[in-house]
Chemist: 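Below is one structure. I have some questions about it.
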Amino acid sequence: PAGAAAAPLPEEDCMKLNPSFVGIALSSLLAIDLWASKRLGVCAGEGSAWGSARPLMKVIEVSGHGIPWVLGTFYGLWHTDSSAAREVLLNLLFALLLDLVMVAVVKGLVKRPRPTHNKMDMFVTISVDKYSFPSGHATRAALVCRFVLRHLVLAVPLRVLVVLWALIVSISRVMLGRHNMTDVLFGLLLGYALYGVVEHCWLSPATAPALFALW
């Protein structure tokens, strides 16, 4: 009837008509992330703007992959006769395994798909590698960079090279179309934080004698 008060909108419709500021901001950031990541994926395919550099980017990709790092650390543990080197390498192995587990857990929880322009031709993938968030390469690069700078005595030029390697590995993830920018940024933050966990749980003959007895 005329003059009757309009029925109130259901709560869910009110939310759609009056989206929160946080929701709008997050949606906008996501859109910018997807747009910028696609524009920066200049090596995502052979026909991309920098497609000729794709083989080089894939070499950089392998340099940040977990398997070469884990196998290389095992090799070092097997062949070293120094107790100090053994302690550092054992903790590096712990850091790498922690990195693999944490990245797999977060990827499995978030389940963010890879960018649509990505080619699934990565070096040795596992089931969770179909997901994008976070970038395991960026996480590992940040973790290894902090670890190496803290526990290896290196000349300044070599320290600079280690930092540049971590940055190049991270940037290459977006250039290859493997990840969005937020995947890489969160990966770097996660790797930085994981190093703090490794330092807090540092393994030594005093704290883990049984483990060191194996080597």
Chemist: Looking at Ala95 and Val198, what are the two nearest heavy atoms and their distance?
Modeler: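 The answer is CB-CG2, 3.6 Å.
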
Chemist: Is a donor on one side and an acceptor on the other found under 3.5 Å between the side chain of Lys111 and the backbone of Gly108?
Modeler: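 A pair under 3.5 Å: yes.
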
Chemist: Would a distance-only check, ignoring hydrogens and angles, find a side-chain to backbone donor-acceptor pair under 3.5 Å from Ser48 to Gly45?
Modeler: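 Here the side-chain-to-backbone pair exists.
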
Chemist: Taking Val148 as the starting point, is it possible to reach Leu188 by hopping between hydrophobic residues whose side chains are less than 4.5 Å apart?
Modeler: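 In one cluster with Leu188: Val148, no.
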
Chemist: Has the side chain of Arg178 got a donor or acceptor atom that lies under 3.5 Å from a matching backbone atom of Arg173?
Modeler: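 Checking the backbone N and O of Arg173 against the side chain of Arg178, no donor-acceptor pair under 3.5 Å is found.
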
Chemist: Establish whether Met122 and Met57 are linked, either directly or via other cluster members, by ILVMFWY side-chain heavy-atom contacts under 4.5 Å.
Modeler: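 Each belongs to a different hydrophobic cluster.
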
Chemist: Mark yes or no for whether Asn91, through its side chain, and Glu87, through its backbone, hold a donor-acceptor pair below 3.5 Å.
Modeler: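 Pair found, side chain donor or acceptor close to backbone of Glu87.
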
Chemist: Determine whether Met102 and Leu109 fall in the same hydrophobic cluster, where Ile, Leu, Val, Met, Phe, Trp and Tyr are linked whenever their side-chain heavy atoms lie under 4.5 Å apart.
Modeler: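 No; tracing contacts between hydrophobic side chains, which count when under 4.5 Å, never links both residues.
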
Chemist: Crowded around Lys58 NZ? As in, over 12 foreign heavy atoms under 6.0 Å?
Modeler: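 Counting other residues, nucleotides and ligands, NZ of Lys58 exceeds 12 neighbours.
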
Chemist: For Pro134 versus Leu190, what's the shortest heavy-atom pair and its separation?
Modeler: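 Nearest pair, atom of Pro134 first, then Leu190: CG-CD2, 4.1 Å.
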
Chemist: Do Met175 and Trp50 touch side chain to side chain, with heavy atoms closer than 4.5 Å?
Modeler: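 With C-beta onward as the side chain, the pair touches.
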
Chemist: Roughly how far, to the nearest 0.5 Å, is CD1 of Ile24 from OG of Ser20?
Modeler: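 Between atom OG of Ser20 and atom CD1 of Ile24 there are 7.0 Å.
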
Chemist: Tell me, do Val70 and Leu100 make a side-chain contact under 4.5 Å, heavy atoms counted?
Modeler: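 Yes, side chains in contact.
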
Chemist: Quick one: does His79's side chain have a donor or acceptor within less than 3.5 Å of a partner on Tyr75's backbone?
Modeler: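 A pair under 3.5 Å: yes.
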
Chemist: Can you tell whether the side chains of Asp81 and Arg86 come within less than 4.0 Å, N to carboxylate O?
Modeler: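 Salt bridge: no.
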
Chemist: Determine the sole option in Asp183, Leu185, Thr182 for which the side chain to side chain contact (heavy atoms under 4.5 Å, CB included) test with Asp33 is passed.
Modeler: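 Checked Asp183, Leu185, Thr182 against Asp33; only one passes side chain to side chain contact (heavy atoms under 4.5 Å, CB included): Thr182.
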
Chemist: What distance separates Leu98 CG from Leu93 CG, expressed to the nearest 0.5 Å?
Modeler: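 The CG atom of Leu98 sits 11.0 Å away from the CG atom of Leu93.
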
Chemist: Drop me the distance from Leu96's CG to Leu89's CG, to the nearest 0.5 angstrom.
Modeler: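 Reported to 0.5 Å precision, the distance equals 10.0 Å.
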
Chemist: Look at the side chain of Arg140 and the backbone N and O of Gly64, then say whether any donor-acceptor pair between them is shorter than 3.5 Å.
Modeler: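 Side chain of Arg140 to backbone of Gly64, a donor-acceptor pair under 3.5 Å: yes, one is there.
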
Chemist: Distance check, rounded to the nearest 0.5 Å: Lys130 atom NZ versus Asn118 atom CG?
Modeler: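 If we round to the nearest 0.5 Å, Lys130:NZ and Asn118:CG are 14.0 Å apart.
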
Chemist: Is there a side-chain contact between Val174 and Asn180, using heavy atoms and a 4.5 Å cut-off?
Modeler: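 No. Closest side-chain heavy atoms not under 4.5 Å.
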
Chemist: Backbone N or O of Gly76 within a donor-acceptor pair of the Thr80 side chain at under 3.5 Å?
Modeler: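 Checked: no pair found.
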
Chemist: What is the minimum heavy-atom distance between Trp69 and Ser63, and which atoms define it?
Modeler: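 Taking Trp69 first and Ser63 second, the nearest heavy atoms are NE1-O, 2.9 Å.
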
Chemist: For the residue pair Lys107 and Val103, establish whether any side-chain heavy-atom pair is separated by less than 4.5 Å.
Modeler: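 Yes; the side chains approach each other to less than 4.5 Å.
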
Chemist: Minimum heavy-atom separation for Ala44 to His117, with atom names?
Modeler: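 Looking at all heavy atoms of both residues, the closest pair is CB-O, 3.6 Å.
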
Chemist: Between atom SG of Cys145 and atom CG of Leu167, what is the distance when rounded to the nearest 0.5 Å?
Modeler: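 Between Cys145 SG and Leu167 CG, I get 7.5 Å after rounding to 0.5 Å.
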
Chemist: Tell me whether the count of non-hydrogen atoms from other residues, nucleotides or ligands lying under 6.0 Å of NZ in Lys119 goes above 12.
Modeler: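 Correct, the count exceeds 12.
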
Chemist: Would you say Thr207 and Trp202 are linked by a side-chain donor-acceptor pair, where the criterion is simply a distance under 3.5 Å?
Modeler: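 Absent: no donor and acceptor within the cut-off.
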
Chemist: Taking atom types as modelled, is there a side-chain donor on Glu199 or His151 under 3.5 Å from an acceptor on the other?
Modeler: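 Yes - a donor-acceptor pair under 3.5 Å links their side chains.
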
Chemist: On a heavy-atom basis, which atom in Tyr195 and which in Arg146 lie closest, and how many Å separate them?
Modeler: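 So the minimum-distance heavy-atom pair works out to CD2-CZ, 3.3 Å.
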
Chemist: Could you check if a side-chain atom of Pro115 sits within less than 4.5 angstrom of a side-chain atom of Ser37, using non-hydrogen atoms only?
Modeler: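 The answer is no, as the side chains (C-beta and beyond) never meet within the 4.5 Å cut-off.
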
Chemist: State, to 0.1 Å, how close Met181 and Leu40 come at their nearest heavy-atom pair, and which atoms those are.
Modeler: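 Of all heavy-atom pairs spanning Met181 and Leu40, the closest is SD-CD1, 3.6 Å.
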
Chemist: I'd like to know if the side chain of Thr139 reaches the main chain of Gly187, judged simply by a donor and an acceptor atom lying under 3.5 Å from each other, with no hydrogens or angles considered.
Modeler: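 At least one qualifying donor-acceptor pair exists.
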
Chemist: Tell me whether the NZ or CZ atom of Arg114 lies within the 45° cone about the ring axis of Tyr131 and under 6.0 Å from its centre.
Modeler: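 Negative - Arg114 is either too far from the ring of Tyr131 or too far off its axis.
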
Chemist: Going from OG1 on Thr73 to CG on Leu97, what distance comes out if it is rounded to the nearest 0.5 angstrom?
Modeler: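 With rounding to 0.5 Å, OG1 (Thr73) is 8.5 Å from CG (Leu97).
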
Chemist: If hydrophobic clusters are built from ILVMFWY residues whose side chains come within less than 4.5 Å, do Leu176 and Val42 share one?
Modeler: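 Looking at the clustering, Val42 is in the same group as Leu176.
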
Chemist: Is the ring pair His137/His65 parallel, tilted or perpendicular, if the boundaries are 30 and 60 degrees?
Modeler: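 Rings of His137 and His65: perpendicular, over 60°.
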
Chemist: Does Val105 belong to the same Ile/Leu/Val/Met/Phe/Trp/Tyr cluster as Val197, with side-chain heavy atoms less than 4.5 Å apart forming each link?
Modeler: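 No; Val197 is not reachable from Val105 via cluster members.
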
